[in-house]
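Report on the structure given below.
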Amino acid sequence: MKSFIINLDVPFNLDHTMDCGQTFRWNKLKDGSWLGVVDGALLILKQENSELHVKSSAENLFGMELDEGIRYYLGLNDDLDTIKDNIVENLKLYGFYEQSVLTDKVFDLYRGLRILRQDPWEMLIEYLISARNNIPSIKRTIEKLCRLFPENKRQFDGIEYYVFPTLKQLKKLSLRELESINLAFRANWIYDTVRSVDLEKLYSLKGRSFNDKLEYLLTLKGVGYKIASCVMLFSLEEFSAFPVDVWIERVMFNLFNVKGSTKRVMETGRKYFGAFAGYAQEYLFKYFRTLQKGDK
DNA sequence: GCCCAGGGGTAGT
DNA sequence: ACTACCCATGGG
């Protein structure tokens, strides 16, 4: 058990980061702290202004010292000002002045929202579950999937939690067992994908080109442009990836008057927002979704 | 009962 | 390459 404080020397907002739709396994407690399972460890994070209070069940993370591992996971090394400027300038380059003003505003509104460095295998399965599904239901189903493996149960500081199943574990599940946790038509996809995915290949995609990443991901059953983009953006450090879901579809019609196939809208977003289109996507997703829902 | 949800596969153009 | 339709389930 390790407990310490990270002094934040860059803009960071824990609530925005954990509650912008990029992750399904972080949960907020009543006292304002966030609970998550990362690299097999339970992390408890609580932000108090520029202090990030950390409790961890493990001594290190991703083979790094805990402090360094958490900075990496939270994307604290990303230069948010440079990223915002890049996006805003790119929009102006294409003559989208009003859109650049809005994007600038949203970046200020949710200042400190960062893209996490999550696990590619976990993202692949979780976003397969996300297809034509709603966020509360996605979270419940992921939790049920973890609980199919009692051996994955861990305990720390009086809190019980489950680590995400390995490929080997999911391979052992029959189609019926997958269907038993309400995966519906997604059960077939997961059944096929766990039998065809090459994890070594998947992990090696980090550092490859956008097209190389996309090409491989699209070979997996149930993975189309949207899910591939989520895996790339949230776990393969592909910040030009631009996931288009029903919300972003509306946003893109709103901002650029484009509609049509996911591919077409995605390509438009990547072009107009530029190298960090994925960052723009996350901020806009949170902004428009919060607006429509009327909560918070 | 109706509608929708961080979509994708397929068959038909 | 693009489009229309279907896919199961839970929650409002």
Side-chain angles (χ1 to χ4, degrees), chain A residues 16-26 106 110 113 115-116 118 120 122-145 148 175-197 211 214-236 238-239 241-254 258-270 273 277-296:
Chain A
H16 296 336
T17 299
M18 296 309 182
D19 191 30
C20 68
Q22 63 176 318
T23 174
F24 300 113
R25 291 204 75 201
W26 278 91
V106 175
Y110 296 121
L113 187 165
I115 290 181
L116 302 170
Q118 301 185 73
E122 186 174 336
M123 288 300 97
L124 175 61
I125 300 302
E126 291 184 0
Y127 278 94
L128 280 173
I129 295 172
S130 80
R132 201 67 196 173
N133 208 340
N134 59 70
I135 292 178
S137 171
I138 296 163
K139 294 178 86 164
R140 277 193 303 270
T141 304
I142 292 170
E143 197 57 31
K144 282 186 202 166
L145 182 65
L148 284 178
L175 192 53
R176 293 280 169 272
E177 287 174 302
L178 286 169
E179 284 169 342
S180 74
I181 55 169
N182 305 326
L183 282 169
F185 58 85
R186 307 164 196 92
N188 271 305
W189 294 348
I190 292 178
Y191 188 83
D192 282 353
T193 286
V194 300
R195 278 160 184 75
S196 64
V197 69
N211 284 323
L214 181 63
E215 188 186 8
Y216 177 66
L217 289 166
L218 290 182
T219 65
L220 302 170
K221 194 65 124 204
V223 178
Y225 288 95
K226 157 61 169 68
I227 293 176
S229 297
C230 287
V231 175
M232 289 192 274
L233 178 60
F234 303 139
S235 68
L236 294 173
E238 182 56 64
F239 299 117
F242 191 79
V244 175
D245 63 359
V246 290
W247 296 94
I248 292 297
E249 207 174 271
R250 294 163 197 157
V251 172
M252 290 297 285
F253 183 67
N254 232 303
V258 288
K259 50 179 173 179
S261 65
T262 303
K263 184 186 180 197
R264 178 195 168 95
V265 178
M266 178 189 92
E267 283 166 353
T268 306
R270 295 189 69 228
F273 289 113
Y279 251 104
Q281 192 271 7
E282 277 309 281
Y283 276 80
L284 291 170
F285 177 83
K286 178 160 178 69
Y287 178 68
F288 279 89
R289 197 165 176 279
T290 304
L291 215 66
Q292 297 268 329
K293 278 170 57 182
D295 61 4
K296 270 162 266 181

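Basis for what follows: all heavy atoms, side chains included, without hydrogens, waters or symmetry-related copies. This structure is a prediction, so every number in the text was calculated from the model and none was measured. Residue numbers start from 1 in every chain, and the chains themselves are labelled A, B, ... in the order their sequence lines are given, proteins ahead of strands.
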Rounded distance in Å - [atom1] ([X]) to [atom2] ([N]):
X      : N     : atom1 : atom2 : answer
A:L175 : C:dA8 : CG    : C1'   : 13 Å
A:K263 : B:dG9 : NZ    : P     : 14 Å
A:M266 : C:dC2 : CE    : P     : 12 Å
A:I129 : C:dA8 : CD1   : P     : 17 Å

Which atoms of nucleotides 11-13 of chain B (N or O only) lie under 3.5 Å from a protein N or O atom, and what are those distances?
none

Verdict with reasoning, A:E126 to A:T23, per side-chain contact (heavy atoms from CB on, under 4.5 Å): CA-CA 9 Å; A:E126 291 184 0; A:T23 174; 5.6 Å; no
Geometric class of the A:H16/A:Y110 ring pair [parallel <30°, tilted 30-60°, perpendicular >60°]: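 Geometry flag for A:H16 against A:Y110: perpendicular rings.
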Taking atom [atom1] in both [N] and [M], compute the distance separating them and give it to the nearest angstrom.
N      : M     : atom1 : answer
C:dG10 : B:dG9 : P     : 23 Å
C:dG11 : B:dG8 : C1'   : 23 Å
B:dG6  : C:dA4 : P     : 23 Å

Short side-chain to backbone donor-acceptor contact, A:E238 and A:S229, under 3.5 Å: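 Between the backbone of A:S229 and the side chain of A:E238 there is no qualifying donor-acceptor contact (under 3.5 Å).
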Main-chain N/O of A:V265 paired to A:E249 side chain as donor or acceptor, under 3.5 Å: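 No, because the side chain of A:E249 does not come within donor-acceptor range (under 3.5 Å) of the backbone of A:V265.
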Test applied, ring pair (Phe, Tyr, Trp, His ring centres under 6.0 Å); reference residue, A:F273; option that passes from A:F242, A:Y283, A:Y279: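 Between A:F273 and the candidates, ring pair (Phe, Tyr, Trp, His ring centres under 6.0 Å) is satisfied uniquely by A:F242.
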side-chain contact (heavy atoms from CB on, under 4.5 Å), paired with A:I190, selected from A:T193, A:V194, A:D192: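 Only one option passes, and that is A:V194.
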SB check A:R176 A:E179 (cutoff 4.0 Å):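 Salt bridge flag = yes for A:E179 with A:R176.
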A:I129 side chain reached by A:F24 side chain, heavy atoms, under 4.5 Å: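 Side chain of A:F24 against side chain of A:I129, heavy atoms only: no contact under 4.5 Å found.
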Closest non-hydrogen atom pair, A:Q22 against A:L116: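 Looks like OE1-N, 2.8 Å.
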Watson-Crick or G-U pairs under 3.5 Å in DNA chain C, rendered as dot-bracket with [ ] for crossing pairs and | for another strand: |||||||.||||
Footprint string (nucleotides 2-8 of chain B, 5' to 3'): B base within contact, S backbone only, - free, heavy atoms under 4.0 Å: ---BBBS
A:E215, CD: over 12 other non-hydrogen atoms inside 6.0 angstrom: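 Counting neighbours around CD of A:E215, 12 or fewer heavy atoms of other residues, nucleotides or ligands fall under 6.0 Å, so no.
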NZ or CZ of A:R186 within 45° of A:W189 ring axis and under 6.0 Å: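 No, cation not above the ring by the 6.0 Å, 45° rule.
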